[in-house]
Amino acid sequence: MKYIIDSNNIIINDSSDFDIEHILECGQCFRFYKKDNRDYIIIAYSKILRVTQDDQQVTFHNTTEEEFQSIWMKYFDLGRDYSIIKTTLSKFDEHLQTAVSEKGGIRILQQDTWESLISFIISQNNHISNIRRVIERLSNKYGTYIGEIEDEKYYSFPTIEQLSIATEEELRALKVGFRAPYIINACEKVANGEVDLETVCCGNLLEAKKQLITIKGVGNKVADCVLLFGAMRYEVFPTDVWVKRIMEYYYFKEDTKIKVIDDFAKENYGELAGFAQQYLFYYARDLQIGK
DNA sequence: AGCCAGGCACCGC
DNA sequence: GCGGTGCATGGC
């Protein structure tokens, strides 16, 4: 995607496949702050970025070309042509076509694998607003101070080493609830190499998933989220309550096992299953479909 | 007040 | 292997 440099800002003029609200509010990431309509502060890779958008353009504030190329191009997946993905998915059926049309500004962020692992452990049986608050508390306590905007201080997501010092009592004090031992177990298994993030990220997919679900508190769905949102494994189809509901509502017309939905998605959407999932999830949740 | 949330571990069968 | 239940917390 082409960009232009305007003093301290980087600007994109073609935003047909980029909507900062869709990208952030679609449930894939948790470390952002809405300052105004289509005006967000994002924390990722130990950096703070402000993004604003209007009808003409997207502006990435106060960043350099070097930082933009090395971090944000990748983070926002700007090297990928989403118009092809959307066209392909729209051809499958009218429901997917509607979801893609309504939520066409979604892009799947290339987030950090470790941060995704902990974040989606926290996400289980939880509301997105609460997930975000818990992750913010974790970052404030165990992460590194990375700067401030308008008197608000921001902290990076804790590294494995930083989070490994946390005790169960401390974590419970941050209101992670029953997930406290899960986080500790994730720290242990990643630190001692039983779970190799390099494998999760770039190795054999089945081996990656096998390793992930050895962690207490990581089952099929959390593993799939880590693989999709933290490891660019676009062939996985995380099926949560919302995806289950919309798939039952549109396709199966009855209570359906997750395995059946998963197989259906893989067979139909193939390499694009992860993208399909995200359009469907955001669309369904926004409209409360099937609830 | 009771139900639910981007589920999972644990238990009984 | 499969289905039921409890789980911390907060919002509605």
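Proteins get letters first, then strands, A, B, ... in listed order; numbering begins at 1 in each.
- Taking only side-chain nitrogens and oxygens, A:Lys244 never comes nearer than 4.0 Å to OP1 or OP2 of B:dG7.
- In this structure the side chain of A:Phe30 never reaches within 4.5 angstrom of the side chain of A:Gln111, judged on heavy atoms.
- Straight-line distance from the CD1 atom of A:Ile258 to the P atom of C:dG3: 12 Å, rounded to whole Å.
- The CD1-P distance, from A:Ile215 to B:dG7, rounds to 18 Å in whole Å.
- In this structure, CD1 of A:Ile121 is placed 10 Å from P of B:dC8, rounded to the nearest angstrom.
- For an aromatic pair to be called close, the ring centres must be under 6.0 Å apart, and A:Phe76 with A:Phe60 satisfies this.
- The interatomic distance linking A:Lys216 (NZ) with B:dC10 (C1') rounds to 9 Å, in whole Å.
- A:Tyr282 comes within 4.0 angstrom of no nucleic acid atom, judged by non-hydrogen atoms across all strands.
- For the 3.5 Å distance criterion, the side chains of A:Asn140 and A:Lys153 fail to qualify, holding no donor opposite an acceptor.
- Of the P atoms belonging to C:dG10 and B:dC8, the separation is 22 Å, rounded to the nearest Å.
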Could you write nucleotides 5-12 of chain C as a row of B, S and -, 5' to 3', where a protein heavy atom under 4.0 Å of any base atom gives B, of only sugar-phosphate atoms gives S, and otherwise -?
-> --BBSBS-
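- When the side-chain nitrogen and oxygen atoms of A:Lys257 are compared with OP1 and OP2 of C:dC2, none of them lie within a distance under 4.0 Å.
- Residues in residues 187-236 of chain A take part in these ring-ring contact (aromatic ring centres under 6.0 Å, His included) pairs, two or more places apart or across chains: A:Phe120-A:Phe229, A:Tyr234-A:Phe275.
- You'll find the ring centres of A:His95 and A:Tyr249 outside the 6.0 Å limit.
- Using a 4.0 Å cut-off between a side-chain N of Lys or Arg and a carboxylate O of Asp or Glu, A:Asp19 and A:Arg38 qualify as a salt bridge.
- Heavy-atom distances to DNA chain B give each of A:Arg245 and A:Ala223 a nearest nucleotide, and the one nearer the 5′ end belongs to A:Arg245.
- For the side-chain hydrogen bond (donor to acceptor under 3.5 Å, both in side chains) condition, the pairs that include at least one residue of residues 163-181 of chain A, sequence neighbours left out, are A:Tyr142-A:Glu170, A:Glu168-A:Arg172.
- In this structure, A:Lys221 places its NZ atom 14 Å from P of B:dA9, rounding to the nearest Å.
- Here B:dA5 presents its C1' atom at 12 Å from CZ of A:Phe30, a figure rounded to the nearest Å.
- A:Cys29 comes within 4.0 angstrom of no nucleic acid atom, judged by non-hydrogen atoms across all strands.
- Base contact: A:Gly27 has a heavy atom under 4.0 Å from a base atom.
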